[in-house]
**Student:** 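Quick one: the structure is below, questions incoming.
All values reported here derive from a predicted model rather than from experimental measurement.
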Amino acid sequence: MTKFNFNNKRFALIQNSDNGQVNTETIFNYKQDDNLVTADYFGGTIKYGKIIAELKGDELNMLYQCLTTDNQLKAGKALAQITLTENGKIKLSLDWEWLTNGNDKGKSEYIEIE
């Protein structure tokens with residue numbers, strides 16, 4: 001049993017590097033089955049995106065792909081540090097890298113929303 005439960009949780013962006021694709025209008029819908037964590041995301045600049053991740057302790061090792069609203073197909077990887085806020089919400093701090101578009105790297109933060 002893991003100490004974090006992502007099943008049926010929703011997340012939104014707090015901040016992102018300038019070279020990131022998602023914005024505050026993008027919503028992430030997570031599911032979890034043991035250590036397998038997945039998410040669908042859309043909104044803002046994202047037509048549709050998908051995350052598949054492995055949960056290990058307080059980290060998510062992620063692969064992601066998306067189709068943007070201007071029809072760019074993009075893919076990347078990230079390592080997310082998982083913490084809990086004072087009110088018990090999950091916060092994700094990502095170090096990410098595009099596997100397309102020149103392998104740009106960046107950082108972003110997400111928070112669990114209602």
Side-chain angles (χ1 to χ4, degrees):
M1 190 69 190
T2 62
K3 72 177 183 178
F4 297 106
N5 179 9
F6 286 88
N7 205 37
N8 296 318
K9 301 281 176 83
R10 298 173 67 219
F11 287 79
L13 181 73
I14 299 171
Q15 63 183 21
N16 200 359
S17 297
D18 289 342
N19 55 342
Q21 188 65 50
V22 302
N23 61 30
T24 55
E25 297 173 23
T26 309
I27 300 297
F28 295 76
N29 298 299
Y30 277 79
K31 299 284 185 194
Q32 182 175 349
D33 182 7
D34 192 34
N35 70 327
L36 170 65
V37 177
T38 59
D40 293 328
Y41 60 101
F42 52 87
T45 60
I46 304 295
K47 203 179 278 188
Y48 179 77
K50 186 76 176 175
I51 295 170
I52 184 169
E54 180 186 21
L55 177 60
K56 277 189 169 177
D58 60 355
E59 290 184 336
L60 277 176
N61 190 5
M62 305 173 139
L63 292 172
Y64 55 89
Q65 57 192 4
C66 66
L67 183 65
T68 66
T69 52
D70 57 357
N71 293 312
Q72 291 183 45
L73 190 59
K74 301 179 102 176
K77 63 181 181 177
L79 187 61
Q81 297 295 322
I82 309 164
T83 55
L84 291 176
T85 64
E86 288 181 8
N87 61 356
K89 298 294 183 189
I90 298 173
K91 181 179 173 183
L92 301 173
S93 299
L94 276 67
D95 286 306
W96 53 262
E97 178 181 351
W98 288 114
L99 300 174
T100 53
N101 302 65
N103 297 88
D104 282 349
K105 295 180 181 183
K107 294 182 181 297
S108 57
E109 290 188 341
Y110 301 85
I111 191 76
E112 179 185 342
I113 59 173
E114 297 301 324

**Student:** Can you tell me if Thr38 uses its side chain to pair, donor with acceptor, with the backbone of Ile51 under 3.5 Å?
**Tutor:**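 Pair absent, no side-chain N/O of Thr38 close to backbone of Ile51.
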
**Student:** Evaluate Asn23 against Glu25 for side-chain hydrogen bond (donor to acceptor under 3.5 Å, both in side chains), listing each step before the verdict.
**Tutor:** CA-CA 5 Å; Asn23 61 30; Glu25 297 173 23; 5.0 Å; no

**Student:** Got a sec, which residues hit ring-ring contact (aromatic ring centres under 6.0 Å, His included) with Phe11, two or more places apart in sequence or on another chain?
**Tutor:**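 Residues passing ring-ring contact (aromatic ring centres under 6.0 Å, His included) with Phe11: Phe6, Tyr30.
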
**Student:** Please answer whether the main-chain N or O of Gln81 pairs with a side-chain N or O of Asp58 as donor and acceptor at a distance below 3.5 Å.
**Tutor:**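 Here the side-chain-to-backbone pair does not exist.
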
**Student:** For Ile14, enumerate each residue passing the side-chain contact (heavy atoms from CB on, under 4.5 Å) test, keeping only those at least two apart in sequence or located in another chain.
**Tutor:**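 With neighbours one apart ignored, the set is Lys91, Glu109, Ile111.
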
**Student:** Does any pair with a residue in residues 43-70 pass ring pair (Phe, Tyr, Trp, His ring centres under 6.0 Å), and if so which ones, sequence neighbours excluded?
**Tutor:**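 Sorted result for residues 43-70: Tyr64-Trp98.
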
**Student:** State which residues pass salt bridge (charged side-chain N to carboxylate O under 4.0 Å, His left out) with Glu114; sequence neighbours excluded, sorted by chain then number.
**Tutor:**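 For Glu114, the residues satisfying salt bridge (charged side-chain N to carboxylate O under 4.0 Å, His left out) (neighbours in sequence not counted) are Lys89.
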
**Student:** Checking Lys107 now: which residues fulfil salt bridge (charged side-chain N to carboxylate O under 4.0 Å, His left out) with it, not counting sequence neighbours?
**Tutor:**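 With neighbours one apart ignored, the set is Asp95.
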
**Student:** Does the side chain of Ile46 come within less than 4.5 Å of Thr69's, by heavy atoms?
**Tutor:**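 Contact flag for Thr69/Ile46 side chains = no.
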
**Student:** I'd like to know if the side chain of Asn7 reaches the main chain of Gln32, judged simply by a donor and an acceptor atom lying under 3.5 Å from each other, with no hydrogens or angles considered.
**Tutor:**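 Yes.
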
**Student:** Restricting to salt bridge (charged side-chain N to carboxylate O under 4.0 Å, His left out), what partner residues turn up for Asp40, sequence neighbours left out?
**Tutor:**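 Asp40 satisfies salt bridge (charged side-chain N to carboxylate O under 4.0 Å, His left out) with Lys50 only.
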
**Student:** Side-chain contact test, heavy atoms from C-beta onward, threshold under 4.5 Å: evaluate it for Leu84 versus Ile90 and give yes or no.
**Tutor:**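 SC-SC contact between Leu84 and Ile90 confirmed.
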
